[in-house]
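Data first, discussion second: the structure below is written as structure tokens.
Each chain gets a letter, A, B and so on, in the order its sequence line appears, and its residues count up from 1.
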Amino acid sequence: MMLIFLLRRTGTMLLTALCLSFIVFFLTNLEPNLEKVAKYEGNSRMTDEQVEGWLRNNGFNQPILIRYGEWLGVWPGWTREDDNGRVVAGRCVESPATADEAASYCGILQGEWGVSRVFREDVSSIVATRLALTGKMMFWVMVLMVPSALIVGVLAGMREGSRLDRSLSTFSIATTATPEYVSGVILIAVFASSAFGLKWFKGTATSAMDGANFENFFLPVLTIALYGMGYIARMTRASMAEVMTAQYIRTARLKGVSFPNIVMKHALRNALIAPFTVIMLQFPWLLNGVVIVETLFNYKGFGWSLVQAAGNNDIDLLLGISVVSVIVVLVTQLISDIGYVYLNPRIRIS
Amino acid sequence: MDTLTWTGILGPVLNPILFAAIVVAAIGFVATLILGFLPQPMPSVNPDGTLTAKRSPADWARLVMTGAVLAVIAVCLIFILGGIFIPSIEAKGIVGAVSARLLPVWIALVATFALSITFKRRLGLYGKLFDNPIGMVGFGLVMFWVYTALAVGLFDLIITHDPLQAVSGMKNKLPGTPLQGAEDGDYPYYLLGGDNLARDVFSRMISGSFVVVRIAPLATLFAFMVGITLGLPAGYVGGRLDTFLSFLANLILAFPVILLFYLLVTPEIVQTGIPSYLAVALFLFPILFLTVLINSRYFTEPRKRNIILAVVLIPLIWLYCSLVSDPRTPVSFFPVDLDLFDIPGGILVVFVSVVFVNAPTVFRIVRGLVMDIKTRDYVAAAQTRGEGPWYIMLWEILPNARGPLIVDFCLRIGYTTILLGTLGFFGLGLPPDSPDWGTTINAGRKLLSIYPHAAIVPALSLLSLVLGLNLMADGLREESLKD
């Protein structure tokens with residue numbers, strides 16, 4: 001049963017990834033965008049005929065589905081031949097000399113992600129380095145966000161309606177109401193500007209790319225963690241409050257188990273099922289936060305490259321980035337589904 | 001002229017009280033939290049069988065905190081009232097002068113609260129909001145911005161200067177700086193300072209509220225129309241239709257929002273007309289929704305139905321055509337003489353992309369609610385009566401799903417506000433000199449470490465509006481769960 005479920009989910013996932021990458025491909029390869037690319041590569045004062053010629057010479061004149069197939073690696077890459085019938089250029093051809101050995105397929109399935117037009121570098125290497133930088137940030141975000149959100153949620157949910165619950169709930173509402181670009185601006189102004197004079201932290205995280213320390217890395221991490229925290233805390237609170245009304249908790253209380261013991265030993269494990277899925281589903285949101293915070297703090301990671309690629313219509317890089325981010329989102333959804341089934345014995349796949 | 005002080009003549013007296021009260025409140029808050037974990041003293045039993053409980057340290061800490069918070073609120077009220085009644089701007093100080101400029105908003109707020117609290121028993125769910133302190137605070141914050149936006153957008157009140165006009169010599173000036181070269185009739189100060197292009201931060205913040213209040217609720221409403229029209233059949237009919245629609249919704253949800261914005265809102269894409277075609281499709285949904293709504297109810301009385309449909313649809317379709325058709329975009333089919341209005345610049349694009357991003361989430365919520373409600377007895381009763389599926393969906397299921405939908409509507413307006421800010425923050429869609437909060441934060445963040453006021457003011461405004469919407473939603477949720 002589990003296997004069939006997994007297969008179906010993976011199938012849907014692949015279909016989603018295909019559709020999404022095609023949408024991105026389609027939108028980045030629209031007429032005006034290609035014209036911009038031609039003028040960027042050639043010169044900015046090209047006439048319409050020159051633009052058309054450039055596009056034809058570089059394989060952009062084929063139908064969009066074929067070009068999508070080329071990019072994916074399921075359709076042979078385009079080639080251009082000179083008058084003698086020798087291949088002089090092509091999608092998979094790096095220089096005319098090696099044209100004969102060039103493979104006929106070269107798309108992402110073959111590991112050829114293309115070259116970024118802005119950074120003049122292989123997309124795969126850009127994505128790898130940037131993803132590593134963002135991964136470092138996400139690790140610390142998780143370290144900060146998950147435990148504090150769970151503590152806040154459990155404390156608020158263990159006595160529903162108490163004053164502690166009210167103040168912690170208001171706190172979580174306040175953090176979910178503060179988008180990253182607002183909390184980031186306020187945190188920088190208070191803790192890193194000369195106007196308030198505190199200057200405890202640095203207002204940029206550029207130096208954190210090589211050596212992250214508390215001073216240059218805490219503010220960006222805190223900014224992302226705050227926004228996600230409130231949501232997880234509220235989910236934890238709701239699930240904790242529900243567990244605390246369960247029959248077996250009442251039995252434990254009547255048996256005379258002390259309150260801390262009830263919370264730690266009886267309630268906590270069951271209350272943490274729902275937050276697990278929520279934490280997993282937070283990834284797409286966190287991705288958003290990462291883009292904003294990396295732009296705000298000038299931390300040149302994955303989100304920063306997304307902005308650069310999108311702003312300059314760097315087609316290959318943008319496609320690479322969107323494929324990676326879509327896969328991240330879909331995989332976390334899958335993990336959350338599987339985890340939910342494993343953690344919750346009441347759910348059976350049928 | 002000197003730079004204004006923050007609190008004017010009231011300052012020397014009230015500032016020490018304010019700071020003392022804030023410090024006491026903070027200490028009291030921490031003490032309450034810590035002492036709350038200690039075991040509470042057990043009440044002692046009296047000979048006559050009653051119980052006596054002594055105040056624990058935690059109770060005392062809470063009392064002190066409550067007192068201090070009340071003192072802070074009282075001082076703030078005095079500042080607001082003082083600003084209105086003290087005559088000269090110098091004596092008012094910055095806080096007082098801002099409060100005086102906001103006078104129309106205060107009046108409207110007081111009137112709203114007085115009327116609502118008086119008649120709260122007759123006002124249904126809205127009236128119940130006034131039984132809930134958190135909901136009331138949220139409602140107050142929301143209405144503050146709504147009235148501010150209406151006052152500045154419709155009557156041009158409150159703002160002190162033109163939000164787009166730069167005044168030489170006022171670049172990056174601190175709050176309360178006198179206007180250089182002020183003539184008679186000019187407001188003599190930049191109350192909250194100047195930004196990096198020498199424009200008045202206060203006026204920009206106030207005009208920015210109109211951008212948000214104009215777009216956010218309407219965009220959310222459209223997203224709800226789309227989500228409801230698609231979510232109802234998906235949940236009720238299920239099967240292939242559900243699989244297909246859910247797949248589409250998940251497709252959009254798996255997209256990083258910012259990437260989607262970059263793909264939809266850039267000038268090159270706008271040039272191809274894709275957002276305009278999306279607008280054609282998305283704006284069709286409210287018309288569809290209303291047609292089906294009316295038809296499913298009155299199809300047994302064709303005459304009555306035709307009249308109602310005509311009255312509702314003709315103006316709507318006219319509005320739809322003038323909205324969608326714009327001679328500057330590829331979608332321009334409607335004769336210019338009949339075209340009522342064109343939406344300026346990027347606003348339509350922004351609107352469409354915000355609706356597009358929000359609709360799938362609404363779809364999922366509605367679908368879940370419908371799948372829950374369709375097992376109820378009254379639905380089975382309607383099916384037995386032989387009602388059509390659309391009647392059951394729109395007139396039996398939808399009204400019973402209204403509670404969670406209203407709460408989510410409030411939350412989603414907040415989320416839309418955040419999305420609008422995100423768009424502005426990345427400089428997408430709206431013109432670069434637009435006074436909306438996201439754009440202003442983006443412009444102000446470059447000098448954040450030296451002149452934070454230009455970015456902090458719109459940031460706090462956005463925060464307070466979204467916080468208000470969230471608190472209001474929380475209050476509504478609590479009150480609607482009570483019955």
Heavy-atom distance under 4.5 Å to chain B: side chain of [X], backbone, both or neither?
| X | result |
| --- | --- |
| A/T170 | side chain |
| A/S169 | neither |
| A/A174 | both |
| A/L164 | side chain |
| A/F191 | neither |
| A/L330 | side chain |
| A/L15 | both |
| A/S322 | both |

Region of [X] that comes under 4.5 Å of a non-hydrogen atom in chain A:
| X | answer |
| --- | --- |
| B/I134 | side chain |
| B/T417 | backbone |
| B/F426 | side chain |
| B/L462 | side chain |
| B/L469 | neither |

Rounded to the nearest 0.5 Å, how far apart are [atom1] of [X] and [atom2] of [Y]?
| X | Y | atom1 | atom2 | result |
| --- | --- | --- | --- | --- |
| B/I252 | A/C19 | CD1 | SG | 11.5 Å |
| A/L306 | B/I258 | CG | CD1 | 7.5 Å |
| A/L27 | B/L259 | CG | CG | 9.0 Å |

task = Could you have a look at B/F247, B/Y415, B/F29 and say which one has the most heavy-atom pairs with chain A under 4.5 angstrom?
result =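 The candidate making the most pairs under 4.5 Å is B/F247.
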
request  = Heavy atoms only, distances under 4.5 angstrom: which of B/T422, B/L264, B/I456, B/L460 has the most pairs with chain A? Name it, please.
outcome  =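 Maximum pair count with chain A is reached by B/T422.
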
request  = Say whether, by atom type as modelled, one donor and one acceptor occur between the side chain of A/Y181 and the main chain of B/I418 under 3.5 angstrom.
outcome  =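 Yes, A/Y181 side chain to B/I418 backbone: donor-acceptor pair under 3.5 Å.
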
inquiry  = I'd like to know if A/R234 pairs up with B/D474 as an ion pair, taking the criterion as any Lys NZ or Arg NE/NH1/NH2 lying under 4.0 Å from an Asp or Glu carboxylate oxygen.
reply    = yes

Of all of [options], which one pairs up most often with chain B through heavy atoms under 4.5 Å apart?
| options | answer |
| --- | --- |
| A/I188, A/I186, A/I173, A/V329 | A/I173 |
| A/L318, A/V307, A/V24, A/L155 | A/V307 |
| A/T178, A/V328, A/I292, A/I321 | A/I292 |
| A/V326, A/I23, A/L287, A/L30 | A/L30 |

